[in-house]
Each structure stands twice: as C-alpha cells, then as structure tokens.
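Protein chains get the first letters and strands the later ones, always in sequence-line order, with residue 1 at the start of each.
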Amino acid sequence: MAKYPFTDIEKKWQARWDADRAWRVTEDPAYPKDKRAYVLDMFPYPSGAGLHAGHVENYTITDMYCRYLRMNGYNVLHPMGFDAFGLPAENYAIKTGTHPAVTTKVNVDHFREQIKSMGFLYDWDREFSTTDDEYYAWTQWIFLQLYKRGLAYESDMPINWCPSCKTGLANEEVVNGECDRCHTPVTRKRIRQWVLRITAYADRLLSDLDKVNWPEPVKAMQRNWIGRSEGAQVVFAVDGMSERLEVFTTRPDTLFGATYMVLAPEHALVSRLATPAQKAAVDQYVAAAAMKSDLERTELSKDKTGVFTGSYAVNPVNGRKIPIWISDYVLASYGTGAIMAVPAHDERDWAFAKKFGLPIVRVVAPSGADADSLRGEPVECHSEEGVAVNSGDWDGMPTAEFKKAITAWLEGKGLGKLAVNYKLRDWLFSRQRYWGEPMPLVHCERCGVVPLPESELPLRLPEVDSYEPSGTGESPLATIESWVNTTCPVCGGPARRETNTMPQWAGSCWYYLRFLDPRNKTAFAGKAAVDYWMPVDLYVGGVEHAVLHLLYARFWHKVLFDLGLVNTDEPFLRLVNQGQILGTDGQRMSKSRGNTVNPDDYVAEVGADALRVFIMFMGPIEAEKPWSTAGLTGVSRFLERCWALGDKPVTDAAPDQGLLRLCHKTVRKVSEDTGSMNYNTAISQMMVYSAELAKLDALPRELYDPLVLMLAPYAPHLAEELWEKLGHADSIVEAAWPRWDPALCEDDELTVVVQVNGKLRGDFKAGKDAGKDELERLARAVPKVAEHLAGKDVAKVIVVPGKLVNFVVKG
RNA sequence: GCCGGCAUGGUGGAAUGGCAGACACGGCAGACUCAAAAUCUGCUGUCCGCAAGGAUGUGUGGGUUCAAGUCCCACUGCCGGCACCA
C-alpha cells in the first residue's frame, strides 16, 4: 500500500482552516458560562532555533482538547502570541547590528508557520507580541497602577548581578548562585533599582494556592519559595549605646541560650558598632564580603568566617552582656539582617561558636532526659524541641508552650512581638538592557520621581546606535540624550527619563488578559470580555515556570483584582505541566548535547498528524518521555490503516452486533479519555477499533462515521479528508462528537473467572444478569475448578457478578 | 539536610482492590512474492516440562484483605526543586 499523501492533505486543510479562520471565536452570549472554555498555552519566546519538541507536545495537548470541546458544543478561546522581549534578540543585535525588532519579526513569522504546519488551530485574529507597542503600552499602564499603589519603589540594596549579561537579576533568576541564562556566577552589586513589593501579597499568594487545581509539586514549590515562618521579633539593647538591635527568631524559647549576636556585614549599624580597636578588622571583613559572589557566600562557606565588632548587646531575659559579631552566614535580606545566636540549639550557630570559642549554654532538654546527661557543656547541637532548662522561671515548660509564653512576656515589656517572616523577597524589576519595556517614569530635579501621564503611553523604545550594555549599571538608553532629556509632566522643568527597562517576565504577567480583547484601545481588556472568559480554565506549560512566571502573574492578577479590574483573585483555575521530552540519551535536550529534535523533519517524513498522535501515544502527558522514534512506526501504520478505510465502500447496511458494541465501547472510552486528556489510551482504543473495521470489505456508515469523528482532534488533516470523502461539505471542526449508548457498551454474555484460594483456575461464560447462586453453580462445574475443590472444605465463596468467583478452601 | 515525584516484560507503556502486561515497538514463525519491500496472520514476562500442565512474577522487607501493581508501615534506588532563610 502506498503511503497516504499526508503532505498534500495537510497543506490542503491548513490552507482551508486559514481561509475560514477556523478558530476565530467571539463572545457569543448564546453559550452559557459552563459551555465556554478558555484554554491557554504558555506562549513561546520566538527563538531563532524555531519550535522545539516541547512546544509541539504542549500545543498538541491543548489543540486536541480544544477540538474535542468544540465538537462537544463549547465556545472555545484558544489564543497564541509571542513573548518576544529578552536577551537572545538583543545579544544577536549586539553581534550583528540587526535591530531586535527585525529578528523578532523573522522569528515570529517562522514560529507561526511552524505552528500552522502542525495543524494547531488558534484564533490568529487575537495574536500579538509583547514587543508590540500597542501591547506594552498596557504593560506600562499596569506598572503605573502598581507604582501608584506603592507597590513599586526604588532601592539601592545590593542585588544579584550577572557580569556576563551585565544586568541585575531577580532572586528567581539565580540558580545555584549562577545566572539562570548563561551560568556565570552571580556577583553582588549596589545600584539603584526598581523593586516590586510582591512581599505585600505573600500571605495571599500562599493561602490562595488552596483554591486552584494545580499539580501538587508546583504548589509545593511556590509554598516553599514563599517560605512563611512564624516566630518573634526581639529587641536587644546595645550596651553603652542608644542603638537597639532587632532580630527575628522562630525559637524565642531559646532566648536564655543566646550567647552572642551576629549581624550581616551589610547591616546598617555595623560601622557604628565597630569599636576603634576592631574597626580595621570589621571594615576589611565587610569589604571582603561585598566582593564575594552569592556562590562563594553559600557553597564554599561551610567553614564559617566572622569578626567581633567590639560591642556588646544585652540579652533582654537575663541582662547578660553578649558579644556582637558580624558574619556573612547571616543574610542581610532576610528578617532584620541580624540574629541572636543560640549555639546549643542551632547547627549554624554551633559551628560558629565552636570555631571562635564562644560560650554554649543548653536551654532545651530532650523530654525525659536524665539529669546526668545535662551536666557540663553540651557535646553536640540539639535543634529539636523539648523542655526548657536554664531558663529561670520557665524551666520545665515544653517548647511550644514556652514560645507563646515568652513572646507574650516580651510583648508586655515592649521588647518583642509575634512576627511572621517570608523567604520571598521583593521582586527586582529593572534591567540595565535595551530590549525591554521602558519604565514610564521621569526623574525631575524638583518633583522627584514622576509617573508619565497615561495619555503619553506607550513610551516607545528609542532607536540606538549601540545595543551594548554599559556594564556600569546604566542601560544603553542612558546614552540617547535626545530621549533621556525631557520635561517633567508636573512642573514642566527639566527632567530625565528612567533608563532601566522591565524584565522579560513583565510581558507574560498579564498576556492572558490581553487575549480576551487584544485590540482594545481604551483598556487593557474590556470588562465584558473579562467577565465572559475568565478565569483560564486550563493552562498548559512546563514546570520550569513554577516560581517565576506563575508567581509573578498571580501577583499582578491579585493587584488587578484589588483594583476591581478583573473578576477573580486567581488567574489560572487548572494547571497541567506536560512532561519534558528528553533526548534519545534520556538527557535534557540541548544544542550543546546535540540531542535535539526538529519537528520539521518529522512533519516532512511522516506528517504532522503522525507526529501529533505519536507524541501523545508515548505516554501520559505529565510523564517525562525520552524521545525514541521506534514507536513512530506503529502510529504511522495506524494512520495508514485509517486512510485505507477511506477506499472501502460505505454502506447503509445494519452493522454486525458485535462490532456495533465495540463501536459504542470505543466511543465511550475515547470520549472519556480525551476529556481527561489521557490521550495515549484513547489512541490505543482507536487502534483496536480501526483494526476490526479494516477486516471488513464494506463499511457500514454507523460504524465508520464515529471513527472519523473521533480521529478529528488527533489527526485532524486525515479526519477532514476522510470526512470530505464521506460527502460532507462542512469542516469536521464543526461536526458533532459521536455519542454512545450505555446499553450497547455492555455485553450480554460475560466471562467470569474462577479462583481457588485467590489462584486463577478457570473461567466460564455467563449471562450478564446471572445471579450469585447460578454463578457459583457454574463455577463449580468448571472441570479444572472441580478438580481443585475435590475433597476439600469450601470455607467461603466470594462472588462478584460479571467478574469472578473465588473459593476459599481448607485442607 | 528539607520538600516533592517516580519505580510494571528486551523497550514505551496499560490496569474503578477482582484474569498483571491492553495498545505499540522490537523479536520469532508463517502467508503473499521469482525475490525483496510493504501488508496480513500467529506466538512472544521468567523458570521447569516433549506436552498436558505447574511454579513464579509489578524496586526491597513487613502488614491489612477471600483477593494487593493498586491500601497501610518501614526501607532502597533514580529524577526534580529548595538549601547558612535564623
């Protein structure tokens, strides 16, 4: 048999879908709320490398689902766009002088073409790129709303700096102390930055995770990242000075064991606390710490370092003077940047105290510990809970209770209070690069920072001669005098524009809202459109965005919700992570490993339909799947077989009862499995069914039509062609999904298996309505079974109608 | 170290507590063919056996149950995330 002409068929139907704008969708009020679906893919960064296997997997999942929903009478919004700001295009510009906008357009055109070549249907009327000024005008607008709510502020805290990308990085973009993008070790740099106050939403970002249907690992990662911990803020007086030091601790019950304090080298009071004798050592340590990269401060510093400031604090519970040290094991950016050290009960403090010979006092004993073991200096650190010792009047109190009691006591004295701390840091939002949204702010000598009037948006990126980042913490925009110099919107005096740009994440924070109403000139999206579609019913993408995009987008969405601009407090109702497609070597695909797969090759070789079905046949969508083309053969054979069915005569004859039952069982299984996105088992069932139909010389329409319809989400080009051959003028996209009759899914006669002591000994056929007694009688009559029952006592008989009979025997 | 996830034939995988291995790849045998390809049919977890048949089998060890891949407890291995967060 000749291979079916997939190239011709696929081209033909893609042209037709394009011409028909097959997936254009409107806010048709005729569809009730529960018959509307917003299905979203994580939109791609249009890289020069084109679509990769992961994109194809992602978009196949949603395309199949959308086509299935549409055939089941849903109004389905399935949009596509491009997340096109970012470094690759800019780096290419630096190398070649090509404007990033030009590169972006070429790449976007290529992506769109590749997406269409897979038969994926999107409402292309809604397409946009985050780099379109019509789009980023609204990104800037949302930024202004954040600014006006006090959620954007300037800071000159030391930040993560990538010396290779020459830009600041958000915490989320630093992986193991390296730049997530180029793997250069990150250093710290103190430059003026714009920061978004995401921590103001930490509690809601955490608690609202309970409202969404997301994979548990993603929720866990977000919870982890937000890192809520409850404890106490405690105030320590400084001996002989008016300064007070505040610390955060989750173990206020160990206060009596606090034998010294440690400040981060960046702590504001360090220079004042350094005594003349210690000043040189302290200054040197602070300078050295500032030079260290994050990697050096964490990975390499198993061995603790630190310097005594010369000053002492006073422990508020016992009035003892305790030395104040500085060390880079204390992070400036968490809590108050200072800790009380309890070496007996904290591993890190223990290591530090041992190294510098600081006193160690045990204040928690394991419950039930004998007195002898508590004598003398502890020999090891004990960080578990227990009961208080050496803690004055509180001795004997269990840890949990003591925490509450001491916190209340401190509060009464004005020396402390209950406190909650988050690991989550505010979001470093400015980049010292060219290819991003300019921040719509000016710096006026008289008025300070002034937001641009909304009417002046978009603030467009100016043309530049050189895209090269200066590396000094200024973006290339700073060199364009004609752009930078402006007038203050408030006083009209001279002012300079903000030259930082936004990070790539900005554009993806709200793109799902723009798809609702992409050409709106007066709002980021009209309220009617938001109400019609939101929230997103299904969001599919890779797990790599668990704490970046997905956290940022939730944050922006909540701000918009608080402003009354969206109708829900969470944007994505249900999230599905497709499993990574690995290289044939089981490793992540990457250019450097040379194990990447180019979808175009397979489209040319076996066709888009075969590639779609194959990727979904590899296994469950969430599972990691190593790429192996071995299985492709089976899928191609299946599609060939379906194509060959199209050559058989189709009749209106009544079908064979057995086949009719198989047909209805197949429709049921494929419907259920497609609806739940268990595509692999749906495909397997269609394989079984098509193999049966292939044995017939002529196809009864009643058996054949449903197969073609079920094929439509999976192999849409082939299904269209077969549908047309059946005499239909309308696209199968609009056709109604086949129905099944539950009565026809049941066989009249079922095979019942017989076990003796749980071991399979035979089977027999019985009518579906046979009673328990009859089943037992029939079971006993099976020769093999009778043999195993002979001469033994039957203690118990379990009969599961339609399934099995189990004899429990003795002797 | 902490938090997730996973573990089934030679391979990808399937299985509301009820016949483990559907479907597919690969392999073996056969049909068609001058021959090959393509296609079709049958067999294909492992062990013992000529066979009938039997035993055994879902990472390991226990448990619950008439019955466990599935539920419970303990562990091992692999993958992912976080990691001096006080």
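Of the P atoms belonging to B/rG57 and B/rG69, the separation is 10 Å, rounded to the nearest Å. The same atom, C1', is picked in B/rU64 and in B/rG9; the two are 29 Å apart, to the nearest Å. Separation of the C1' atoms belonging to B/rU60 and B/rG13 is 23 Å when rounded to the nearest angstrom. A distance of about 23 Å separates the C1' atoms of B/rA7 and B/rU16, rounded to the whole Å. Nucleotides B/rA15 and B/rC23 place their P atoms 13 Å apart, quoted to the nearest Å. Between B/rG12 and B/rU8, the two C1' atoms lie 12 Å apart (nearest whole Å). The gap from the P atom of B/rC3 to that of B/rA83 amounts to 16 Å, rounded to the nearest Å. One P atom belongs to B/rU58, the other to B/rU11, and the distance between them is 16 Å to the nearest Å.
Rounded to whole angstrom, the span from the NZ atom of A/Lys695 across to the C1' atom of B/rG42 amounts to 12 Å. Separating the CD atom of A/Gln222 from the P atom of B/rG80 is a distance of 21 Å, rounded to the nearest angstrom. Nucleotide B/rA22 holds its P atom 22 Å from the OH atom of A/Tyr689, rounded to whole Å. Nucleotide B/rG81 holds its C1' atom 12 Å from the CG atom of A/Leu548, rounded to whole Å. Atom CD in A/Glu622 sits about 21 Å away from atom P in B/rC79, given to the nearest Å. Here the P atom of nucleotide B/rA86 and the CD atom of A/Gln233 are 13 Å apart, to the nearest Å. A straight line from CG of A/Asn678 to C1' of B/rA15 spans 12 Å, rounded to a whole angstrom. We find that CG of A/Leu804 is positioned 12 Å from P of B/rA67, with the value rounded to whole Å.
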Salt bridge (Lys or Arg N to Asp or Glu O under 4.0 Å) between A/Lys695 and A/Glu692, intermediate numbers included: CA-CA 6 Å; A/Lys695 292 175 184 166; A/Glu692 290 306 314; 3.2 Å; yes
Audit row: A/Trp225, A/Tyr422, ring-ring contact (aromatic ring centres under 6.0 Å, His included) steps and yes/no: CA-CA 9 Å; A/Trp225 191 259; A/Tyr422 296 93; over 10 Å; no
Pair A/Gln233-A/Glu246, side chain to side chain donor-acceptor pair (under 3.5 Å): steps then yes or no: CA-CA 7 Å; A/Gln233 197 128 321; A/Glu246 289 197 6; 2.8 Å; yes
A/Trp325/A/Phe352 under ring-ring contact (aromatic ring centres under 6.0 Å, His included): CA gap, chis, key distance, verdict: CA-CA 10 Å; A/Trp325 285 62; A/Phe352 192 83; 5.6 Å; yes
Derivation of the side-chain contact (heavy atoms from CB on, under 4.5 Å) call for A/Gln755 and A/Leu804: CA-CA 7 Å; A/Gln755 297 178 336; A/Leu804 97 171; 3.4 Å; yes
Steps toward side-chain contact (heavy atoms from CB on, under 4.5 Å) verdict (A/Ile615, A/Ile581): CA-CA 9 Å; A/Ile615 289 182; A/Ile581 297 185; 4.1 Å; yes
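A ring-ring contact (aromatic ring centres under 6.0 Å, His included) with A/Tyr679 is found for exactly one of A/Tyr714, A/Phe617, A/Phe614, namely A/Tyr714.
Here the nucleotide nearest the side chain of A/Ile339, chosen from B/rG53, B/rG81, B/rA86, is B/rA86. With B/rC19, B/rG54, B/rG26 as the choices, the nucleotide that has an atom nearest any side-chain atom of A/His788 turns out to be B/rG54. Checked against B/rC3, B/rC19, B/rU41, the side chain of A/Ala220 finds its nearest nucleotide in B/rC3. Among the nucleotides B/rA83, B/rC19, B/rG81, the one closest to the side chain of A/Met221 is B/rG81. Residue A/Val808 places its side chain closer to B/rC66 than to any other of B/rA86, B/rC66, B/rG4. Side-chain proximity of A/Ser684 to B/rA22, B/rU56, B/rA86: nearest is B/rA22. With distances taken from any side-chain atom of A/Asn806 to the nucleotides B/rA86, B/rC82, B/rC66, the minimum falls on B/rC66. Picking from B/rG5, B/rG26, B/rC23 the nucleotide with the shortest atom distance to the side chain of A/Met687 gives B/rC23. Checked against B/rG5, B/rC25, B/rA86, the side chain of A/Ala630 finds its nearest nucleotide in B/rC25.
Evaluation of the salt bridge (Lys or Arg N to Asp or Glu O under 4.0 Å) rule for A/Lys648 yields no partner, not counting sequence neighbours.
A/Leu639 places a side-chain heavy atom less than 4.5 Å from the side chain of A/Tyr4.
Judged by Watson-Crick or G-U wobble contacts below 3.5 Å, the nucleotide B/rA15 has no partner. Pairing for B/rC71 goes to B/rG63, judged as Watson-Crick or G-U wobble with the two contacts each under 3.5 Å. Look at B/rG4: its Watson-Crick or wobble partner, with both distances under 3.5 angstrom, is B/rC79. Across all strands shown, B/rU56 pairs with B/rG45; the Watson-Crick or G-U wobble distances both stay below 3.5 Å. Of the nucleotides present, B/rG30 is the one that pairs with B/rC40 by Watson-Crick or G-U wobble criteria, both distances under 3.5 Å.
Mapped onto RNA chain B by nearest heavy atom, A/Ala332 and A/Val547 fall at different nucleotides, with A/Val547 at the one closer to the 5' end.
Contact annotation: A/Lys219 does not reach the phosphate of B/rG4 (side-chain N/O to OP1 or OP2, under 4.0 Å). When the side-chain nitrogen and oxygen atoms of A/Arg637 are compared with OP1 and OP2 of B/rU39, one or more of them lie within a distance under 4.0 Å.
The number of heavy-atom neighbours closer than 6.0 Å to CG of A/Asp210, taken from other residues, nucleotides and ligands shown, is above 12.
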Return the polar atom pairs (N/O with N/O) between nucleotides 6-14 of chain B and the protein under 3.5 Å, or none.
| unit_1 | atom_1 | unit_2 | atom_2 | d |
| --- | --- | --- | --- | --- |
| B/rG12 | O2' | A/Met618 | O | 2.7 |
| B/rA14 | OP1 | A/Asn680 | ND2 | 3.0 |

